[in-house]
Student: 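The structure follows.
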Amino acid sequence: MKIGVVGAGMMGCGIAETAAQAGFTVINVDTFSSALENAQKCVQKDMEKLVAKGKRIRGEADAVIARIAYGTDMRMLADCDAVIEAVPENLELKASIFAQLDAIVKPEAFLASNTSAIAISALSAKMTNPARCVGMHFFCPAPVMKLVEIVDGLYTAPETTGRAVELAKALGKTPAKAPEMPGFLVNRMLVPMQNEAAFLVMEGADPKDVDTAMKLGANFPMGPLELTDFVGVDIMYNTMLTLYESFHDSKYRPCPLLANMIAAGRLGRKSGRGFYEYG
Ligand code: 3HC
């Protein structure tokens with residue numbers, strides 16, 4: 001089975017790595033060759049770590065790396081059996097990618113979006129065959145996190161959902177069906193908690209204390225602010241904004257501190273500074 005991944009950012013790269021680790025042939029496409037180069041380096045680094053930890057022998061790690069091909073031309077995805085889109089959370093961008101994939105990828109393949117908040121029905125609106133479009137939402141870091149949320153749009157065929165569930169299992173993940181509502185299951189609960197942590201900082205709390213509280217008081221592997229830096233302050237803020245604009249409920253109002261941090265370029269680990277500084 002051949003898996004296509006559109007987008008070579010943190011999520012796209014992680015999904016491609018996950019699929020290659022599960023033994024699939026993978027094609028990772030992005031319009032930016034610099035993103036593809038970074039993705040390739042990232043997979044190589046992860047494989048080195050697994051070899052150093054004794055979790056993979058060198059030959060296996062090399063085989064994982066060799067199973068992923070990279071390119072900038074979407075037509076490379078034509079004979080994939082499933083394509084997973086993981087580009088930034090922009091409805092227009094995603095809808096246009098799905099319209100292109102619908103025309104390029106063989107009709108018997110299914111097309112999934114890793115969107116964390118946008119309705120599948122909206123993404124598939126410009127497709128000739130929206131029945132083959134479904135949500136498969138992975139979590140960061142994709143090679144490690146066990147959950148994949150499966151989301152049906154109004155036109156998703158039951159056969160497509162079944163194939164997405166089977167693919168998630170074949171990738172070593174546990175699928176959970178989520179309603180087609182902004183934030184699905186996890187982000188609907190998790191992101192407001194991260195947002196509340198940002199409010200605490202805005203009100204004077206030290207980020208370290210906020211994170212320590214949740215790590216030691218609630219057994220979180222990472223504090224909510226560490227997690228925001230890890231995922232990206234901009235990504236987290238945009239998810240919050242989507243919840244707010246979709247439900248029109250003030251309980252989802254994004255913390256203004258996050259908007260200031262974005263304006264100041266403090267996007268988290270990827271920019272070297274968020275709630276914390278990174279070397
Ligand atoms: N492939 C396979 N295994 C890998 C791997 C890879 N690429 N990278 C790491 N691993 C394994 C490691 O070998 C290690 O296994 P071990 O415990 O058996 O040795 C395990 O994964 C953990 O890795 P590390 O030891 O490097 O790191 P930590 O123990 O510090 O854990 C973490 C890091 C998994 C990120 C942990 O801190 C964590 O779970 N944090 C919370 C993450 C979270 O909440 N994610 C959800 C974000 S929200 C989201 O994604 C939604 C989206 O819409 C934005």
Side-chain angles (χ1 to χ4, degrees), residues 7 9-24 26 28 39-57 60-61 63-65 67-68 84-90 94 112-120 135-151 171-174 176 178 181-195 197 211-212 214-216 218-243 258 267-270 274 276 278:
M10 182 157 60
M11 291 312 293
C13 166
I15 294 167
E17 181 184 319
T18 305
Q21 289 213 63
F24 294 105
V26 183
N28 193 182
Q40 207 163 356
K41 278 188 206 143
C42 197
V43 175
Q44 281 165 357
K45 210 167 117 195
D46 277 356
M47 289 307 108
E48 284 305 323
K49 272 200 224 159
L50 294 186
V51 171
K53 277 192 171 185
K55 292 188 134 197
R56 288 264 185 199
I57 57 167
E60 286 171 342
V64 170
I65 292 166
R67 275 197 284 275
I68 313 178
I84 304 170
E85 163 277 317
V87 303
E89 289 291 292
N90 176 305
K94 283 184 191 272
S113 174
N114 179 56
T115 181
S116 57
I118 300 174
I120 303 305
M136 285 185 81
H137 182 216
F138 292 75
F139 292 83
C140 184
V144 179
M145 303 299 282
K146 292 284 176 221
L147 183 74
V148 175
E149 290 174 327
I150 306 288
V151 188
L171 294 173
K173 307 295 183 193
T174 300
M181 283 289 140
F184 306 135
L185 300 172
V186 173
N187 280 351
R188 174 94 173 259
M189 299 180 269
L190 181 66
V191 180
M193 190 267 299
Q194 292 171 266
N195 193 50
D211 282 337
T212 301
M214 291 309 277
K215 283 193 281 191
L216 301 188
N219 258 4
F220 276 42
M222 229 181 210
L225 302 167
E226 286 173 331
L227 184 61
T228 301
D229 274 2
F230 180 57
V231 170
V233 177
D234 51 338
I235 307 269
M236 184 252 145
Y237 178 80
N238 284 333
T239 306
M240 203 61 209
L241 205 57
T242 304
L243 289 174
L258 295 166
L267 305 181
R269 282 197 198 184
K270 63 185 169 190
Y276 300 96
Y278 303 88

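Order of appearance sets the numbers: ligands from 1, and atoms from 1 within every ligand.
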Student: Start with the C-alpha distance between Leu243 and Asn195, add both sets of side-chain angles, then the distance that settles side chain to side chain contact (heavy atoms under 4.5 Å, CB included), and finish with yes or no.
Tutor: CA-CA 12 Å; Leu243 289 174; Asn195 193 50; over 6 Å; no
Student: With side chain to side chain contact (heavy atoms under 4.5 Å, CB included) as the test, would you mind laying out the steps for Ile84 and Phe138 before giving the verdict?
Tutor: CA-CA 10 Å; Ile84 304 170; Phe138 292 75; 4.2 Å; yes
Student: Is the shortest distance from a heavy atom of Glu226 to ligand 1 less than 4.0 Å?
Tutor: no
Student: Give the contacting part of Met145 toward ligand 1: side chain, backbone, both or neither, where contact means a heavy-atom distance below 4.0 Å.
Tutor: side chain
Student: For the NZ atom of Lys173 and the CD1 atom of Ile150, what is their distance to the nearest 0.5 Å?
Tutor: 12.0 Å
Student: Let me see the working for Glu48 and Gln44 under side chain to side chain contact (heavy atoms under 4.5 Å, CB included), right down to the final yes or no.
Tutor: CA-CA 6 Å; Glu48 284 305 323; Gln44 281 165 357; 5.6 Å; no
Student: Numbering the atoms of ligand 1 from 1, which are under 4.0 Å from a heavy atom of Leu227?
Tutor: 42 (C), 43 (C), 44 (O), 45 (N), 47 (C)
Student: Quick one: does ligand 1 sit under 4.0 Å from the side chain of Leu50, the backbone, both or neither, non-hydrogen atoms only?
Tutor: side chain
Student: Atoms of ligand 1 less than 4.0 Å from Pro143 heavy atoms?
Tutor: 1 (N), 6 (C), 7 (N)
Student: Is any side-chain heavy atom of Asp46 less than 4.5 Å from a side-chain heavy atom of Glu17?
Tutor: yes
Student: Do Asn187 and His137 have side chains that approach each other closer than 4.5 Å (heavy atoms only, starting at C-beta)?
Tutor: yes
Student: Which atoms of ligand 1 sit under 4.0 Å from any heavy atom of Asp46?
Tutor: 7 (N)
Student: Counting non-hydrogen protein atoms only, what is the nearest one to atom 54 (C) of ligand 1? Give residue, atom name and distance.
Tutor: Val231 CG1, 3.5 Å
Student: I'd like to know whether CE of Met222 has more than 12 heavy-atom contacts from other residues, nucleotides or ligands below 6.0 angstrom.
Tutor: yes
Student: Please report whether atom 33 (C) of ligand 1 has a protein non-hydrogen atom at a separation of less than 4.0 Å.
Tutor: no
Student: Please state which part of Glu17 comes within less than 4.0 Å of ligand 1, counting heavy atoms only: side chain, backbone, both or neither.
Tutor: side chain
Student: Which atoms of ligand 1 have any heavy atom of Leu190 under 4.0 Å away?
Tutor: 48 (S)
Student: Between Gln194, Met10, Lys55, flag the one that comes closest to atom 16 (P) of ligand 1 by a heavy atom.
Tutor: Lys55
Student: Could you tell me the residue and atom name of the protein heavy atom closest to atom 39 (O) of ligand 1, and the distance to it rounded to 0.1 Å?
Tutor: Pro221 CG, 3.7 Å
Student: For atom 37 (O) of ligand 1, which protein heavy atom lies nearest, and how many Å away is it?
Tutor: Met222 CE, 3.9 Å
Student: Quick one: side chains of residues 228-241, donor-acceptor pairs under 3.5 Å with protein atoms, not counting sequence neighbours, listed by atom name and distance.
Tutor:
residue : atom : partner : partner atom : Å
Thr228  : OG1  : Gln194  : NE2          : 2.9
Thr228  : OG1  : Pro224  : O            : 2.8
Asp229  : OD1  : Phe275  : N            : 2.9
Asp229  : OD2  : Phe275  : N            : 3.1
Asp229  : OD2  : Tyr276  : N            : 3.1
Asp229  : OD2  : Tyr278  : OH           : 2.6
Asp234  : OD1  : Lys270  : NZ           : 2.9
Asp234  : OD2  : Lys270  : NZ           : 3.1
Asn238  : ND2  : Asp234  : O            : 3.2
Thr239  : OG1  : Ile235  : O            : 2.9

Student: Are any of the protein's heavy atoms under 4.0 angstrom from atom 45 (N) of ligand 1, yes or no?
Tutor: yes
Student: Out of all atoms in ligand 1, which are within 4.0 Å of some heavy atom of Val144? Include the element for each.
Tutor: 4 (C), 5 (C), 8 (N), 9 (C), 10 (N), 21 (O), 34 (C)
Student: Once rounded to the nearest 0.5 Å, what's the spacing between atom CZ of Phe184 and atom CD1 of Ile118?
Tutor: 8.5 Å
Student: Could you check atom 49 (C) of ligand 1 against the protein and tell me its nearest heavy-atom contact, residue, atom and distance included?
Tutor: Phe139 CD2, 3.6 Å
Student: Using the side chain to side chain contact (heavy atoms under 4.5 Å, CB included) rule, take Gln21 and Arg67 through it: C-alpha gap first, then chi angles, then the decisive distance, then the call.
Tutor: CA-CA 9 Å; Gln21 289 213 63; Arg67 275 197 284 275; over 6 Å; no
Student: Thr115 versus Val151: any side-chain heavy-atom pair under 4.5 Å?
Tutor: no
Student: Can you find a heavy atom in the side chain of Asn114 that is under 4.5 Å from one in the side chain of Met136?
Tutor: no
Student: Return yes when at least one protein heavy atom is under 4.0 Å from atom 29 (O) of ligand 1, and no when none is.
Tutor: no
Student: Is atom 42 (C) of ligand 1 in close reach of the protein, with a heavy atom under 4.0 Å away?
Tutor: yes
Student: Closest non-hydrogen protein atom to atom 2 (C) of ligand 1, residue and atom name please, with distance?
Tutor: Gln21 NE2, 3.5 Å
Student: Is there a protein heavy atom at a distance of less than 4.0 Å from atom 8 (N) of ligand 1?
Tutor: yes
Student: Ignoring angles and geometry beyond distance, decide whether Cys140 reaches within less than 3.5 Å of ligand 1 through its nitrogen or oxygen atoms.
Tutor: yes
Student: Hey, does Glu60 have a side-chain heavy atom less than 4.5 Å from the side chain of Leu50?
Tutor: no
Student: Taking the minimum heavy-atom distance to atom 26 (O) of ligand 1, which of His137, Lys215, Lys53 ranks first?
Tutor: Lys53
Student: What part of Asn187, side chain from CB on, backbone N/CA/C/O, both or neither, has a heavy atom under 4.0 Å from ligand 1?
Tutor: side chain
Student: Number the atoms of ligand 1 from 1 as they appear, then name those within less than 4.0 Å of a heavy atom of Pro141, with their elements.
Tutor: 35 (C)
Student: Show me which atoms of ligand 1 lie under 4.0 Å from any heavy atom of Ser116.
Tutor: 53 (O)
